[in-house]
Amino acid sequence: MVNVDDELDHQGMAIELIDAFAEHDAAGLAALDAAGRAAQVQARQALYDYVDRIWEDAKARGLNPAVRSDWNAVAGLRDLTNALVEQAGQAQADAGED
C-alpha cells in the first residue's frame with residue numbers, strides 16, 4: 001500500500017481507494033439478496049461503460065490518454081469503476097449466482 005503522504009496522481013488515489021474500500025464493499029454486497037447484487041452489477045457496469053466511452057472517444061480522436069497527465073482522472077475512474085464491477089461479479093460468484 002502506498003503511503004498516503006506521498007504525492008499520488010488521480011489514478012494512484014483511485015487505486016488506494018479501491019484497496020481501502022474492497023472489504024467494506026464485499027461485506028455490503030454479501031448482505032444483499034441476489035436481486036440486489038444483480039442490480040449492483042448492472043449499475044456499476046453502466047457507470048464503467050460511461051467512463052470507458054469517454055476514454056475510447058479520446059482515443060478515437062487521436063489522443064493517447066494513457067500517456068497524458070490531463071487524462072489521469074479518467075484513467076483513475078476507469079480503474080475504480082472496473083474494480084467495482086469486478087467486486088460485484090465476485091460477490092455473485094461467491095453466492096453461487098450466475
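Every value quoted in this text rests on a predicted model; they were computed, and no experiment measured them. The chain is numbered in sequence order, starting from 1. Note: hydrogens, waters and symmetry copies are ignored here, and every other heavy atom, side chains too, is used.
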* **Partners passing side-chain contact (heavy atoms from CB on, under 4.5 Å) against Asn64 (at least two apart in sequence or in another chain)** => Ala66, Val67
* To do: Indicate if Leu17 and Tyr48 have the same hydrophobic cluster label, given that clusters are the connected sets of ILVMFWY residues with side-chain heavy-atom separations under 4.5 angstrom.
  => no
* Identify whether Leu80 and Ile54 are in the same connected component of the hydrophobic contact network (ILVMFWY, side-chain heavy atoms under 4.5 Å). => yes
* Structure fact -> To the nearest 0.5 Å, atom OG1 of Thr81 lies from atom CG of Asp49 at 8.5 Å
* Report the distance from atom CH2 of Trp55 to atom OH of Tyr50, rounding to the nearest 0.5 Å. => 15.0 Å
* Taking C-beta and beyond as the side chain, do Leu63 and Trp71 meet within less than 4.5 Å on heavy atoms? -> yes
* To do: Can you see which heavy atom on Pro65 is nearest to which on Ala58, and at what distance?
  => CG-CB, 4.3 Å
* **Minimum heavy-atom distance between Ala22 and Gln87, given as atom pair plus value** => O-NE2, 3.3 Å
* Asked: Considering only heavy atoms from C-beta outward, does the side chain of Leu84 approach that of Phe21 to under 4.5 Å?
  -> yes
* **CG-CG distance between Asn72 and Asp9, expressed to the nearest 0.5 angstrom** => 3.5 Å
* Going from OG on Ser69 to NE2 on His10, what distance comes out if it is rounded to the nearest 0.5 angstrom? -> 10.5 Å
* Asked: Any salt bridge between Glu56 and Lys59, counting N to O under 4.0 Å?
  -> yes
* Using salt bridge (charged side-chain N to carboxylate O under 4.0 Å, His left out) as the criterion, list what pairs up with Asp52, not counting sequence neighbours. => Arg78
* Asked: Any sub-3.5 Å donor-acceptor pair from Asp79's side-chain atoms to Ile15's backbone N or O?
  -> no
* Return each pair, listed once, that meets side chain to side chain donor-acceptor pair (under 3.5 Å) where at least one residue sits in residues 26-44; pairs must be two or more places apart or across chains. => Asp25-Arg44, Arg37-Glu97, Gln40-Arg44
* **ILVMFWY cluster, Ile18 and Val51 together (side-chain gap under 4.5 Å)** => yes
* Asked: Measuring from Glu7:CD to Met13:CE, what's the distance to the nearest 0.5 Å?
  -> 9.0 Å
* **Contact summary for Val41 and Gly89, nearest pair of heavy atoms** => CG2-N, 4.0 Å
* Asked: Is the backbone of Ala34 close enough, under 3.5 Å, to the side chain of Gln92 for a donor and an acceptor to pair up by distance?
  -> no
